[in-house]
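The structure appears right after this line, and notes come after that.
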Amino acid sequence: MAADGGGLDTVHGTECPTCGASVGETDRFCETCGAGLFEGLVPASSAQPPAPAPAGQRWLTSTGAPDACGGCGGTAFGPEGYCDDCGQRRPAGRNHSELDLGVIAAVSDLGHRHRHNEDAVAIGLLPGAEAAVVCDGVSSSTRPDAASYAAVDAAAEALLRALADGDEPEPALTVAARAAQAAAALAAGAEPGNNPPSCTFVAGVVTADEVSVGWVGDSRAYWLPDRDGDPAVLTADDSLAGQLAAAGVPLAEAPQGAQAGALVRWLGADARDTAPHLVTIRPDGPGRLLVCSDGLFRYRPAPAELAAATPAGTPIDTARSLVQLALDAGGQDNVTVAVLPYPAPESSQGATG
Amino acid sequence: MSEPAAAFTAEVYQNQYLPAGGDVVDAVITVTASGAGLRDVGGTPSAAEVIMIDCSGSMANPPTKLSEAKKACATAIDSLRDGVSFAIIAGRHDAQMVFPLVATLAPATPANKAAAKAAVQNLLAAGGTAIGQWLSLANTVFAGHPAEVKHAIMLTDGRNQHETAEQLAATLRNCERRFICDSRGVGADWVASELRTVASTLLGTADGLEDPRELPAAFRAMTEAAMGKAVAEATLRVWTPAGATVRFVKQAFPQVEDLTPRRTQVSARIGDYPTGAWGAESRDYHLSVQVQPGTVGEEVLAARVSLVTGDSVLAQSLVLATWTDDTALSTKINQRVAHYTGQAELASAIQEGLAARDAGDVETATSKLGRAVQLAEESGHSDTAKLLGRVVEVIDAPSGTIRLKPKVAGVDAELANVRSVKTIRVKKSEEG
Ligand SMILES: [Zn+2]
Ligand SMILES: [Zn+2]
């Protein structure tokens with residue numbers, strides 16, 4: 001389905017590359033599965049003029065609007081976006097999303113305890129580069145999914161654009177985080193209030209010879225080598241516990257509980273310190289980068305445990321089985337994981353066709 | 001859907017944050033019809049006016065009561081705009097047409113106005129008081145007339161002694177939603193609870209006038225307000241989510257009016273509450289909804305409140321609920337909600353205190369009226385504080401320490417009672 005050439009054409013008039021449902025010519029997102037329907041770069045706001053997209057680039061996002069109310073399953077919503085029956089706000093995204101570009105993939109799920117999926121994920125491919133962004137809405141904030149969904153799309157777009165423009169992964173991740181912060185802050189609207197929409201941010205870029213990650217908050221990226229070396233968590237949580245861990249206290253021994261887990265950095269209208277932490281590694285051999293929300297790693301926080309629980313297989317199968325693991329373990333939170341194999345193929349032609 | 005002539009706005013004041021497990025959402029909705037939009041004539045509804053004037057024997061004692069009532073009636077007739085239809089009823093132990101002579105409405109032509117004023121001048125005071133009879137005749141006069149705004153003025157100087165409370169209640173049920181009625185008492189012998197019952201059921205206002213010379217101005221004000229109505233009948237439409245219960249809907253300003261029992265079910269989720277006719281004015285409503293508690297971070301629409309006339313939504317606003325574990329947010333008190341909770345308590349403290357006083361229950365009367373003095377002081381309701389000062393001796397207002405006055409003119413207690421429902425708005429400076 002995906003065209004070889006780039007350009008701004010939607011995959012229109014035919015069918016969704018993710019789920020196969022038929023889609024309208026001007027749809028930005030698949031009505032059925034919510035996947036983004038764009039080839040190439042798409043302006044986050046229609047006010048921006050479309051930029052030329054490089055060849056071979058495409059991305060998918062979990063942020064399409066769902067059809068049904070998360071509270072009662074009703075499908076009628078008032079003009080302000082509240083369910084006509086139970087009053088719940090229409091969630092920004094679907095309860096379950098599967099994004100599959102073949103080479104890379106991601107799965108996001110509501111979990112068992114939450115009413116909305118406040119995690120958002122986007123994945124994208126360029127010749128020689130794979131990228132993923134995960135944002136997790138901070139559930140103590142107002143309308144957290146408004147922040148995470150806006151941030152993930154803005155970040156994915158900015159990240160792919162910067163990489164396509166020839167930026168190195170770390171500067172591109174910085175640009176992406178900045179775009180995510182701007183979008184999360186805007187999600188608060190004209191009157192942000194005391195507790196505006198907030199989210200975490202973690203993004204990864206895999207190239208032919210490097211793996212780079214950038215983050216704000218407590219979502220994580222793990223490096224899982226196929227053979228050589230040890231699995232590692234590349235990020236350090238922006239939480240009290242994470243700061244202890246970064247100071248040398250082993251992760252497994254870091255204190256648990258709400259206090260220790262309290263976020264010290266996030267994105268949103270009330271966030272002050274939003275520059276991403278950046279880490280780049282040059283692995284000795286092939287492996288996989290997992291970019292995920294705490295709904296997954298809370299069940300396997302240690303890198304070795306997570307590596308042991310991560311099956312070999314296609315990226316989409318791997319992502320599905322990791323999400324299933326979290327659900328089987330209780331699914332306390334929204335669960336999201338993106339799987340990016342290293343090294344990235346020289347071109348993205350191996351993606352779904 | 002016709003375009004309404006009036007410009008309406010609805011604003012919500014609430015603390016939308018609830019603690020985990022919290023399930024009660026309170027909000028004050030301020031509905032305002034602005035003068036600018038209302039001046040766009042063409043949409044002005046047609047109107048009809050009926051004046052019921054007490055002609056019982058006591059109106060001659062002192063004679064200024066009847067003479068000022070006649071003047072007031074003439075003033076009201078002069079205030080009727082062309083094209084309005086009207087009638088005058090004399091009220092005694094029965095009701096009689098004064099103008100026109102048959103039970104119908106006459107157009108307010110110059111000739112009819114002059115004839116009506118002449119007929120009023122000839123009225124004599126003799127007989128008793130049966131308010132239900134008067135209202136019943138007014139209902140007959142209005143019936144079948146096409147006017148959109150049907151407004152009546154009922155003036156009495158005494159107790160409704162020639163019929164039972166049940167008879168009056170039955171008549172009021174027949175008149176409800178047929179016409180609007182403002183009730184006024186003059187002299188020293190009217191009964192506040194009767195005036196309030198009439199005004200409350202018929203969506204009008206109630207008041208007492210100490211000096212008969214105030215009558216002409218009061219009649220002019222009521223008639224002009226009726227002539228200024230731009231929307232003949234509007235209802236407050238409240239949508240609440242599945243599993244929610246409306247705890248109450250009260251008009252909170254300019255006077256307290258509990259609308260909760262007057263709900264008309266529109267659908268499973270929607271109920272309508274009557275608000276009567278609207279001119280250029282602003283009213284506040286206090287809505288309290290019990291919802292299903294949500295999880296922390298969740299936001300639900302707890303109510304959608306609209307002012308509706310026919311098929312037109314004049315104004316609409318949303319009442320939200322968001323659960324949070326931030327106690328700084330969930331414990332914050334909305335000033336307007338707190339203010340009107342206090343004003344409603346003030347009204348019932350006065351009514352219950354005066355009732356206890358009449359029943360000889362000094363202890364309850366002292367406690368209730370003391371609380372009323374305290375609430376009036378706290379909210380800065382100086383008019384009510386002054387009226388209470390005529391019934392009780394205030395020892396310390398902030399603590400509500402009072403003594404019942406041994407001798408109180410009957411009219412002072414009735415005035416305090418009839419005006420107990422009048423509220424004031426929270427001062428802007430007090431809102432944070
Ligand atoms: Zn689809
Ligand atoms: Zn629903």
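- Looking at A/Cys83, only its backbone comes within 4.5 Å of chain B, counting heavy atoms on both sides.
- Side-chain atoms of B/Arg283 come within 3.5 Å of backbone N or O of B/Thr275 as a donor-acceptor pair.
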Considering distance alone, list the donor-acceptor pairs between chain B and chain A shorter than 3.5 Å.
| from | atom 1 | to | atom 2 | distance (Å) |
| --- | --- | --- | --- | --- |
| B/Tyr17 | OH | A/Thr142 | OG1 | 3.2 |
| B/Trp239 | NE1 | A/Asp84 | O | 3.0 |
| B/Ala242 | N | A/Asp85 | O | 2.7 |
| B/Arg269 | NE | A/Asp85 | O | 3.3 |
| B/Arg269 | NE | A/Asp85 | OD1 | 2.6 |
| B/Arg269 | NH2 | A/Asp85 | OD1 | 2.6 |
| B/Glu298 | OE1 | A/Arg115 | NE | 3.3 |
| B/Glu298 | OE2 | A/Gln88 | NE2 | 3.1 |
| B/Glu298 | OE2 | A/Arg115 | NH1 | 3.3 |
| B/Glu299 | O | A/Arg89 | N | 3.3 |
| B/Glu299 | OE2 | A/Tyr82 | OH | 2.6 |
| B/Leu301 | N | A/Gly87 | O | 2.6 |
| B/Arg304 | NH2 | A/Glu80 | OE1 | 2.9 |
| B/Gln316 | NE2 | A/Glu80 | OE2 | 3.0 |

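- A donor-acceptor pair under 3.5 Å is formed between the side chain of B/Arg262 and the backbone N or O of B/Thr201.
- Proximity of a side-chain donor or acceptor of B/Ser288 to a complementary backbone N or O of B/Phe248 within less than 3.5 Å is not detected.
- Side-chain N/O atoms of B/Thr30 and B/Arg425 include no donor and acceptor closer than 3.5 Å.
- Using cut-offs of 30° and 60° for the angle between ring planes, the B/Phe253 and B/Tyr340 rings count as tilted.
- The pair B/Glu148-B/Lys229 does not count as a salt bridge, with every side-chain nitrogen at least 4.0 angstrom from each carboxylate oxygen.
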